[in-house]
2 protein chains.
Amino acid sequence: MNKVRPYSKVLERLRKAGLRPTRQRLALAKMLLENGNRHFSAEMLHAEALSSSVRVSLATVYNTLHQFTIAGLIREIYVDSSRSYFDTNTSKHHHFFHEDTAQLEDIPDDQIIVAKTPDPPAGTMLKSVDVVVRVSAS
Amino acid sequence: MNKVRPYSKVLERLRKAGLRPTRQRLALAKMLLENGNRHFSAEMLHAEALSSSVRVSLATVYNTLHQFTIAGLIREIYVDSSRSYFDTNTSKHHHFFHEDTAQLEDIPDDQIIVAKTPDPPAGTMLKSVDVVVRVSAS
DNA sequence: GTGTTTGCAAAGTGTTTGCAATTTA
DNA sequence: TAAATTGCAAACACTTTGCAAACAC
């Protein structure tokens with residue numbers, strides 16, 4: 001059902017987020033949002049941009065990922081204490097993390113059940129419930 | 001029941017892990033293992049050591065935390081992509097992460113239920129199931 | 001035109017490493 | 001005294017930032 005979004009959709013989403021659709025932002029948004037769910041780091045996205053002949057600096061990739069995260073277009077996943085990973089799928093779901101390869105993989109929804117979510121401590125509100133299942137070659 | 005472990009216990013645990021009980025390792029191990037469950041970063045532990053007049057370099061703190069982690073005396077928790085956090089409680093349990101203060105807090109066992117743990121992908125074995133509930137001041 | 005965004009290079013942060021000096025067994 | 005460990009400073013990897021040039025509206 002949810003096919004590749006037409007170009008205008010991406011442009012519209014940037015506008016809605018208050019982000020000027022510059023050449024760099026548009027190119028990165030298209031790479032990320034028109035190709036299904038993806039897990040990636042800043043370096044990975046930068047490398048992919050360059051090999052697709054999208055000229056963009058690494059600094060801009062970092063800044064753009066930050067802006068996209070704030071805008072809710074992507075989300076950050078915490079699995080490594082020395083590198084940021086992101087996911088284009090912002091809906092509630094969880095991850096496998098392959099320790100050997102540093103790859104992320106979605107856990108199918110029917111494969112995990114968090115039956116009870118804890119009450120947030122007094123004075124706080126819940127932001128997210130993230131489950132990471134670490135695996136390695138057996 | 002589980003009172004403060006006597007000095008010899010810590011020494012014995014280091015020996016069992018194949019780690020020579022040097023002054024630095026012994027001091028750090030005592031700070032960590034004789035004071036209940038603690039969440040901390042390398043910098044935090046280093047600062048605490050210095051203020052307790054335990055002379056130890058930051059490099060040694062890093063190296064020691066790594067060795068303790070491999071030995072299973074402590075475990076690492078992944079909540080921040082720019083800093084490593086550790087926990088002296090190595091048994092199965094989950095965490096709140098206060099985004100405002102960067103503090104970790106245990107989730108009481110009866111407050112969370114992971115009813116179904118996913119099958120690890122083919123060719124992999126499960127290492128851990130970590131739940132992080134992010135909260136912030138409301 | 002005016003304010004925003006980019007790219008570069010420099011700076012910053014947390015962490016690791018090489019190696020001489022020290023310590024442990 | 002032989003092997004392991006420490007501390008320092010330098011090196012590292014990843015990320016952020018200052019600022020002039022380029023760009024969007």
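Within every chain, numbering begins at 1; the chains are lettered A, B, ... in the order of the sequence lines, protein sequences first and strands thereafter.
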Worksheet, complete the sentence: A/Glu43 CD to D/dC14 P, in whole Å, measures 6 Å

Practice prompt. Nearest whole angstrom, please: distance from the P of C/dT24 to the CG of B/Leu26.
Written response: 10 Å

Discussion item. Please evaluate residues A/Asp130 and A/Arg75 with respect to the criterion salt bridge (charged side-chain N to carboxylate O under 4.0 Å, His left out), reporting the C-alpha separation (whole Å), side-chain torsions for both, the decisive distance (0.1 Å), and the verdict.
Written reply: CA-CA 12 Å; A/Asp130 302 327; A/Arg75 67 145 141 154; 3.7 Å; yes

Item to complete: In whole angstrom, give the distance that lies between atom OH of B/Tyr62 and atom C1' of D/dC12.
Response: 13 Å

Discussion item. Taking transitive links into account, so neighbours of neighbours count too, which hydrophobic residues share a cluster with B/Phe96 at under 4.5 Å side-chain distance?
Written reply: A/Phe96, A/Ile107, A/Ile112, A/Val114, A/Leu126, A/Val129, A/Val131, A/Val133, A/Val135, B/Ile107, B/Ile112, B/Val114, B/Leu126, B/Val129, B/Val131, B/Val133, B/Val135

Discussion item. Applying side chain to side chain contact (heavy atoms under 4.5 Å, CB included) to A/Leu73 and A/Leu14, what does each step give before you reach the verdict?
Written reply: CA-CA 9 Å; A/Leu73 299 176; A/Leu14 288 183; 4.1 Å; yes

Worksheet item: What is the distance from CZ of A/Phe86 to C1' of D/dC14, rounded to the nearest Å?
Response: 12 Å

Item to complete: Indicate whether OP1 or OP2 belonging to D/dT15 is found under 4.0 Å from a side-chain N or O atom of A/Ser84.
Response: yes

Discussion item. Would you say A/Glu76 and A/Ser84 are linked by a side-chain donor-acceptor pair, where the criterion is simply a distance under 3.5 Å?
Written reply: yes

Fill in: A/Glu76 CD to D/dT15 C1', straight-line distance once rounded to whole Å
11 Å

Worksheet entry | Axis deviation across the helix from C/dG1-D/dC25 to C/dA25-D/dT1, five-pair ends, to the nearest 10° | 30°

Item to complete: Round to the nearest Å and state the distance from A/Arg83 atom CZ to D/dA13 atom P.
Response: 10 Å

Worksheet item: So, does B/Thr88 use its side chain to make a donor-acceptor pair with the main chain of B/Gly36 at under 3.5 Å?
Response: yes

Response to the item:
Residue pair B/Ser82/B/Arg15 against DNA chain C: nearer the 5' end by closest nucleotide is B/Ser82

Worksheet item: By ring pair (Phe, Tyr, Trp, His ring centres under 6.0 Å), which residues pair with B/His46, not counting sequence neighbours?
Response: none

Worksheet item: Do A/Asp87 and A/His95 meet the criterion of a side-chain donor-acceptor pair at a distance under 3.5 Å?
Response: yes

Discussion item. Between C1' on D/dC14 and CG on A/Leu45, what's the gap in Å once rounded to a whole number?
Written reply: 15 Å

Fill in: Set of side chain to side chain donor-acceptor pair (under 3.5 Å) partners for B/Glu99, sequence neighbours left out
B/Arg134

Response to the item:
To the nearest angstrom, the CG-C1' distance between A/Leu14 and D/dC25 comes to 15 Å

Give me, pair by pair, the N or O atoms of the protein and of nucleotides 4-11 of chain C that are less than 3.5 Å apart, along with how far apart they are.
| from | atom 1 | to | atom 2 | distance (Å) |
| --- | --- | --- | --- | --- |
| C/dT4 | O4' | A/Arg20 | NH1 | 3.4 |
| C/dT5 | OP1 | A/Arg25 | NH2 | 2.5 |
| C/dT5 | O5' | A/Arg25 | NH2 | 3.4 |
| C/dT6 | OP1 | A/Thr22 | OG1 | 2.7 |
| C/dT6 | O3' | A/Gln24 | NE2 | 2.5 |
| C/dG7 | OP1 | A/Gln24 | NE2 | 3.0 |
| C/dG7 | OP2 | A/Ser57 | N | 3.1 |
| C/dG7 | OP2 | A/Ser57 | OG | 3.3 |
| C/dG7 | OP2 | A/Thr60 | OG1 | 2.7 |

Show which side-chain atoms of residues 49-57 of chain A pair as donor or acceptor with protein atoms under 3.5 Å away, not counting sequence neighbours.
| from | atom 1 | to | atom 2 | distance (Å) |
| --- | --- | --- | --- | --- |
| A/Ser51 | OG | A/Ala47 | O | 3.4 |
| A/Ser51 | OG | A/Glu48 | O | 3.1 |
| A/Ser52 | OG | A/Glu48 | O | 2.7 |
| A/Ser57 | OG | A/Thr60 | N | 3.2 |
| A/Ser57 | OG | A/Thr60 | OG1 | 3.1 |

